[in-house]
Amino acid sequence: MNVYHSVQPVASILVVDDEPSNIQILREAVRDMGEVYFATNGESALELIHARRPDVVLLDIEMPGMDGYAVCKAIKADPLVSDTAIIFVTSHESHLHELQALSYGGVDFVQKPFNVPIARARIQTHLSLQLKTRQLVQARRDLADVVTNIPAFVAHWNNHLVNCFCNDNAGHWFGVTAQAMNNKPLREILGENNFQAIQPHIDSALHGENPSFDMTFERNSNAPVYGQVSLIHRRGDNAEEGFLMLITDVTERKLAEIALFIEKERLHITLNSIGDAVIATDQNGIVSFVNPIAESLTGWLGSEALGKPIEQIMPLREGTIGYTLQNPIRLALKERRVVGMAMNCMLQSRAGDEFEVEDSAAPIYDHAGELTGAIIVFHDVSEARAMAIKMTHLANHDALTNLPNRMLLHDRTEQALHNAQRSGERVAMILLDIDHFKTINDSLGHSAGDEFLQKITQRLKHMLRAGDTISRQGGDEFIILLTEVNNIEQIGLFANRVLKTIAEPYWIGANRFDLSASLGISLYPDDSEDREALYRHADAAMYLAKREGRNRYHFFSAKIEDNIRARLLLEHHLRDALERGVFEVFYQPKIDSLTQAIVGAEALVRWRDPNGNLISPMDFIPLAEETGIIIPLGLMVLRRACMDAKTWHHAGFPIPVAINISAVQFSEDNFVDEVAKVLNESGIDFHQVEFEITEGILAKNIAKSSKTIAHLKELGLKIAIDDFGTGYSSLSYLKGFPLDVLKIDQSFIRDMIADPRDAAIVTAIIHMAKGLNLKLVAEGVETQQQADILLAQGCNVMQGFLYSRPVPYPVMTELLRNGISHSYNE
Ligand code: C2E
Ligand code: CA
Ligand code: CA
């Protein structure tokens, strides 16, 4: 209330008297006390009182017309001005007048004639009194304003709990206006329930305490009100004193609190029932919350994990190399941002299990924007990963056979073509269709059909190498992709094996079934360089195989088809011939041209075909080498030659026998053992056996060749270099081998007369052989002229049509007996 002291209002005084001289005297006496007005009759006095609101009225009692009493009465009757202090001015000395003046509501009187100092003192007293009174009234009014306008319920209840005051003029709180509340008991106003609820507090308030509490006020029709209640005990022993009741409406705050609680509760339920694992930490990364999923993934109970650093609860490491990964919580806290999932991240559980997890962490801020912690959400992705792998597999594989489907084959083919382009190798696409499969499906049902397809799949899968692919195209159609194909025969052989495999009997229950297939084969790059075209060609070839009677394969290209057919037929015959023993060994004598004596014989294999024609080794040796038939064939020749030579030795012709050794034989690991075995069986003198090998064989793998040669030499065999001069002819390595003979290749002998360069080569070879201390044989000597020149140069051992063609064993025996004059050289 200080504000009211700072401006001292100017006092105002009204002088009312019908005697102007009196007015004059009083006016003079009080002029320094404030503003002074005057009136000479009652009516104008009342007007001025209303207009000026004087603090004090000096009112003459005796006036003509309206006298002082009447004026006083009128003032007191008017509430607007009734508080005006009235000092009567009287000339009567009677106390009766004075008493009467006071009973009319005057506050004092002054007597005429005036004793100015006394009058002034009295007036002054009332002026200040009036001022105080007015200030008090103002203050009370202000206080009442405050009380009525504060947003709270304020009421005063006496000791009997009856209302003395209430500020709720509108009846906002309890539906009862302040006026209606007056003198009503608290119990009635609050209602029984509310009253009961606060009764203990009321008791304590009546006993001198000031309780404060929250409560919910039920109201008949309206929503409940949440109030913060203070009861303020009023001191004293008067029954009226009781207590003040102050209720603040906290409904809004309360509702917000409830909403927050519900929200928190909802969050809690969500985190506990969510499918992801959730861990929260404080700003130091110390665990403050773990949801059930996180408990089961980490193996830590929430109660155990609380207060531990995140790294202990959730150790992470990289999946491939295994180094420790920083927990994303740390990064989220440090960089104050959401940290996304780490790839290939493994969580180690407390029990030591490992899960692949995906996670993300985010910082948490309070309402003021302060970092208070972080939260990490993660889940086990092993299952999802496995599912993804499974889905990819399903998308790329045939459900029935689990073979790659058309889509995957497509990719594999592209890849194979790409690789083949770089390596220069072939790729074969083989389209396989089961013959008459429809009949099986129709007669046995589809599930039996499926069983057949699965069995066929198993058989075919076993035939493939690592880089090959077999795929099912649907129905009974398969495609086999062969990569890294070096020669076409391989494919023919493979196709044959497929036919054989398919043809093996199938057992379903106790019933036997036989199936066959038709194969169409196209080749990269021979037939096409394009995947689609390869497929079309294979399809066309398969159609040809069907048309030609099924159970067979067909190449798309007719040329390849013919080649393959011929070669495979030949191979078949070769094996057959070997089995039936129709290979023969012929011998060609080696002659010392000085004496015409036979000094040796070369064994040369011959094949007599079913028509009795001899087929040259040139036509079948290469295929025999490719197919490996050369190995049993070579041993057969060796055995035969040794046996024949041994007979000659017994008959008194101690000539060595020379056998041609193919590169394929020579590089066999057990070659020397096999040779020794055959030689031992034959009982021949090992020194009488000579192996003819070409330069190329020696040069191929020098280390391995020298070992083999050394072993052969240990056995006592002789080594001849066949076709010398056509291969590497490098002296440096020849020196390193323990050789015995050089056979000058027949091409030089043939051309030495016509071409001086060949003559020079022959001369050089002869010199060289002498220098290396090797024996010499000239091959393919057909004319006497050739023989003469060779002899003139110092090469006397010769082999050729001039002396004898290769002849069968009996003829050779005859030559040995009778000499070459009866030579078999027509
Ligand atoms: P090669 O070892 O150079 O054998 C000599 C070839 O020359 C023989 O051919 C022989 O008949 C032929 N020939 C001999 N004298 C003359 C002549 O004066 N003029 C002409 N034009 N040719 C003559 P053949 O028997 O047809 O053998 C061809 C090749 O087959 C042999 O060449 C040899 O490399 C190989 N061969 C023969 N038999 C065997 C064998 O049992 N094992 C192995 N691995 N290869 C063999
Ligand atoms: Ca030879
Ligand atoms: Ca030769």
Side-chain angles (χ1 to χ4, degrees), residues 574 577-578 582-591 593 600-608 613-645 656-668 671 674-675 678 689-697 718-727 740-753 776-787 790 797-809 811-812 815 820 823-826:
L574 275 179
L578 195 62
V582 296
F583 284 106
E584 296 172 24
V585 177
F586 277 32
Y587 298 95
Q588 187 175 36
K590 297 175 183 172
I591 310 294
S593 65
E602 176 178 4
L604 292 160
V605 72
R606 292 291 179 267
W607 177 19
R608 200 172 293 277
N613 303 317
L614 283 181
I615 300 170
S616 158
M618 310 279 242
D619 294 335
F620 64 85
I621 294 282
L623 185 63
E625 286 180 328
E626 269 173 32
T627 54
I629 292 176
I630 191 71
I631 291 165
L633 180 61
L635 288 173
M636 183 282 256
V637 173
L638 180 64
R639 190 176 298 117
R640 180 85 260 150
C642 291
M643 280 160 65
D644 290 348
V657 67
I659 295 110
N660 292 285
I661 302 297
S662 137
V664 176
Q665 289 174 276
F666 191 80
S667 55
E668 275 285 288
F671 173 63
E674 292 286 320
V675 165
V678 172
V689 180
E690 189 174 298
F691 278 0
E692 294 191 4
I693 56 181
T694 57
E695 293 170 73
I697 295 177
K718 305 242 161 18
I719 307 294
I721 297 296
D722 208 351
D723 306 338
F724 188 79
T726 57
D740 301 286
V741 184
L742 281 192
K743 293 187 78 177
I744 306 169
D745 189 70
Q746 43 182 290
S747 60
F748 303 117
I749 308 297
R750 187 178 59 231
D751 300 331
M752 60 189 273
I753 297 186
L776 269 171
V777 178
E779 269 193 303
V781 179
E782 292 182 354
T783 65
Q784 193 57 52
Q785 202 186 352
Q786 291 165 345
L790 288 165
V797 180
M798 300 182 198
Q799 189 183 344
F801 294 171
L802 175 63
Y803 305 102
S804 172
R805 284 178 175 270
V807 295
Y809 164 74
V811 183
M812 182 64 201
L815 285 178
I820 55 140
S823 67
Y824 178 86
N825 59 356
E826 68 274 4

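Owing to the predicted nature of the structure, the values given are computational and were not obtained by experimental measurement. Each ligand, and each atom within it, is numbered from 1 in the order the structure gives.
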Open item on the list: Side chain, backbone, both or neither: which applies to Glu602 and ligand 1 if a contact is any heavy-atom pair less than 4.0 Å apart?
Closed with: side chain
Open item on the list: Heavy-atom pairs closer than 4.0 Å: do any link ligand 1 to the side chain of Val585, the backbone, both, or neither?
Closed with: neither
Open item on the list: Please work out, at 4.0 Å between heavy atoms, whether the side chain, the backbone, both, or neither of Asn660 comes within that distance of ligand 1.
Closed with: both
Task: Asp722 N/O under 3.5 Å from ligand 1 N/O - done: yes
Task: Region of Arg805 engaging ligand 1 - heavy atom pairs below 4.0 Å - done: neither
- [ ] To 10°, measure the OD1(Asn660)-the Ca ion (ligand 2)-OE2(Glu602) angle for me.
- [x] 90°
TODO: Please confirm whether the backbone N or O of Asp722 pairs with a side-chain atom of Glu692, one donor and one acceptor, at under 3.5 Å?
DONE: no
Task: Heavy-atom nearest option to atom 36 (N) of ligand 1, drawn from Ala603, Ala778, Pro617 - done: Pro617
Task: Short N/O/S contact of Glu779 with the Ca ion (ligand 2) (below 3.0 Å) - done: no
TODO: Give a yes or no on whether Glu692 keeps an N, O or S atom under 3.0 Å from the Ca ion (ligand 2).
DONE: yes
- [ ] Could you say whether the N/O atoms of Gln588 and ligand 1 ever approach to under 3.5 Å?
- [x] yes
- [ ] Please report the shortest heavy-atom distance between Ser662 and Val664, naming the atom on each side.
- [x] OG-N, 3.0 Å
Open item on the list: Evaluate Gly800 for polar contact with ligand 1, using N/O atom pairs at a separation under 3.5 Å.
Closed with: no
- [ ] Would you mind telling me if ligand 1 is within reach of the side chain of Val781, the backbone, both or neither, using heavy atoms under 4.0 Å?
- [x] backbone
Task: Side chain, backbone, both or neither: the part of Arg750 lying under 4.0 Å from ligand 1 by heavy atom - done: neither
- [ ] Just grab all the salt bridge (charged side-chain N to carboxylate O under 4.0 Å, His left out) pairs involving residues 657-666, residues at least two apart or on different chains.
- [x] none
TODO: Would you check if Glu779 and Asp723 make a side-chain contact, meaning some heavy-atom pair closer than 4.5 Å?
DONE: yes
